Chemist: 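Can you keep this structure in mind? I'll have questions shortly.
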Number of protein chains: 2
Amino acid sequence: MRDQFDLSEFLPYRLAVLSERVSKRVALAYSESHGLTVPEWRVLVHLSRCRQVSVREIHNCVNLEKPRVSRAVARLEAARLVDKAESQQDHRLVDISLTEAGRKLLDAIVPEALAVEQRLLSGLSEGDQERLLELMERLHSVLDADPRAAKRSRMDLGDSDGPA
Amino acid sequence: MRDQFDLSEFLPYRLAVLSERVSKRVALAYSESHGLTVPEWRVLVHLSRCRQVSVREIHNCVNLEKPRVSRAVARLEAARLVDKAESQQDHRLVDISLTEAGRKLLDAIVPEALAVEQRLLSGLSEGDQERLLELMERLHSVLDADPRAAKRSRMDLGDSDGPA
DNA sequence: TGACACTCGTTGCAAGTGAAACGATATTGC
DNA sequence: GCAATATCGTTTCACTTGCAACGAGTGTCA
């Protein structure tokens, strides 16, 4: 039992602090060296898996609000890292795809990002790593059952590539 | 080995997603009902443990940049939830303290926040909870040894109340 | 065919943010 | 005692953010 509310023992706070610290460290790999923001990085990474996607697709997959995706894509297009084209099937949609420069940039950044992740995980045995992910998953499950919690995006649930 | 970079399996991303989802859920306890922002909430909570503190103190303890603390305190003062007074010992410092209204607000919010945390943890045994914290701590340790990582704030290390 | 509801991506707006610069106060070294 | 330096909290500036509203395109159903 806790006699006094202590922020530093409050799980949501601890998660926020750890997450922010990790994010900042990883960001060095794409922000400092290559001038990318978090949304831009997420969009690029998502594009590396999906040839052509719409803003909505990205929004659903990488936990970014629609306007954030739209603006990130606009900046990436200005930097010639992605191409935008009106979809032929549905003229409301936009087909977003990596340019050659975008692909090259990713090829340079991804290994750095993975290296940071590897370093992070270096203190954990493989069993520990699985345990950590499993425990995080368990927290998600509670939120999945909570009607007042934000819905989880499709991709984060394990769907590999979206709908057929 | 990973043949393709998959954001949804990237630990920093997973941490960010979980943390944000948890934060949003907790925020319902103080944002929706009582109109507080995250920085304001952190400041209030910190004040509940320390009678009188400076902006710097708060900055060091709750992972908020100095300007963010300053502005949060200004808003809280406008809402009559905290008092600001020039320190007598050092005229550069500001003594920030809870008003009676601030204390009452916290008394109303804290149980809600704890309830959310309890619900979150309800899926985990006590052993699991300890394991989760321990694994998170292990990730912090790696960053502690990384010169390019952000430094950890004093309070998050376990120092209960700051310097003598 | 036409009216209605819906979805798409974008944009306007008000608010929040971080980095750097600021005035004011304290401290240090001579 | 006094200049130089450091620290405090605030503010300025450019930028990002989220929400809501928007115009444009699509689907639905009579």
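These numbers come from the heavy atoms of this one structure, side chains and all, not from hydrogens, waters or symmetry mates. Everything numeric in this text was worked out from a predicted model, so none of it was measured. Reminder, nothing fancy here: chain letters follow the sequence lines and each chain counts from 1.
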Chemist: Over how many whole Å does the gap from Leu36(A) atom CG to dC15(D) atom P extend?
Modeler: 17 Å
Chemist: Could you say whether Pro67(A) or Arg75(A) is positioned toward the 5' end of DNA chain D, judged by the nucleotide with the nearest heavy atom to each?
Modeler: Arg75(A)
Chemist: Is the shortest heavy-atom distance from the side chain of Glu9(B) to the side chain of Leu133(A) under 4.5 Å?
Modeler: no
Chemist: Select from His91(A) and Arg68(A) the residue whose nearest nucleotide in DNA chain D is closer to the 5' end of that strand.
Modeler: Arg68(A)
Chemist: Is the backbone N or O of Asp95(B) less than 3.5 Å from a side-chain atom of Gln52(B), with the two atoms forming a donor-acceptor pair by type?
Modeler: no
Chemist: Looking at Arg138(B), I'd like to know if its CZ atom is crowded, meaning that more than 12 non-hydrogen atoms belonging to other residues, nucleotides or ligands lie closer than 6.0 Å.
Modeler: yes
Chemist: Does Asp128(A) form a side-chain hydrogen bond (donor to acceptor under 3.5 Å, both in side chains) with Ser125(A)? I'd like the steps, not just the answer.
Modeler: CA-CA 5 Å; Asp128(A) 285 339; Ser125(A) 70; 3.3 Å; yes
Chemist: Using whole Å, what does the distance between atom C1' of nucleotide dG9(C) and atom CG of Asp95(A) come to?
Modeler: 13 Å
Chemist: What is the distance, rounded to the nearest whole Å, between atom CD of Gln88(A) and atom C1' of dG25(D)?
Modeler: 14 Å
Chemist: Can you figure out which of dG9(D), dG18(D), dA19(C) approaches the side chain of Glu65(B) most closely?
Modeler: dA19(C)
Chemist: When the distance from CZ of Arg56(A) to P of dC8(C) is rounded to whole Å, what number comes out?
Modeler: 4 Å
Chemist: Ignoring hydrogens and angles, answer whether the base of dG9(D) and the side-chain atoms of Arg71(B) contain a donor-acceptor pair closer than 3.5 Å.
Modeler: no
Chemist: So which one's nearest nucleotide on DNA chain C is more toward 5', Val69(A) or Val38(B)?
Modeler: Val69(A)
Chemist: Should we count CD of Glu86(B) as having more than 12 external heavy atoms under 6.0 Å?
Modeler: yes
Chemist: Spell out yes or no: do the side chain of Arg92(A) and the base of dT7(C) have one donor N/O and one acceptor N/O closer than 3.5 Å?
Modeler: yes
Chemist: Would you indicate what Thr37(A) reaches in the nucleic acid, counting non-hydrogen atoms under 4.0 angstrom: base, sugar-phosphate, or nothing?
Modeler: nothing
Chemist: Please report, rounded to the nearest Å, how far the P atom of dT26(D) is from the CG atom of Leu93(A).
Modeler: 9 Å
Chemist: Report the distance from atom NZ of Lys66(B) to atom P of dA21(C), rounded to the nearest whole Å.
Modeler: 13 Å
Chemist: Using whole Å, what does the distance between atom P of nucleotide dG18(D) and atom CG of Asn63(A) come to?
Modeler: 11 Å
Chemist: For a quick test of reading the model: is some side-chain N or O of Lys84(A) closer than 4.0 Å to OP1 or OP2 of dC8(C)?
Modeler: no
Chemist: Is any side-chain nitrogen or oxygen of Ser70(A) closer than 4.0 Å to OP1 or OP2 of dG9(C)?
Modeler: no
Chemist: Relative to the 5' end of DNA chain C, which residue comes earlier, Gln89(B) or Val55(A), by the nucleotide with the nearest heavy atom?
Modeler: Val55(A)
Chemist: Using whole Å, report how far NE2 of His59(A) lies from C1' of dG18(D).
Modeler: 12 Å
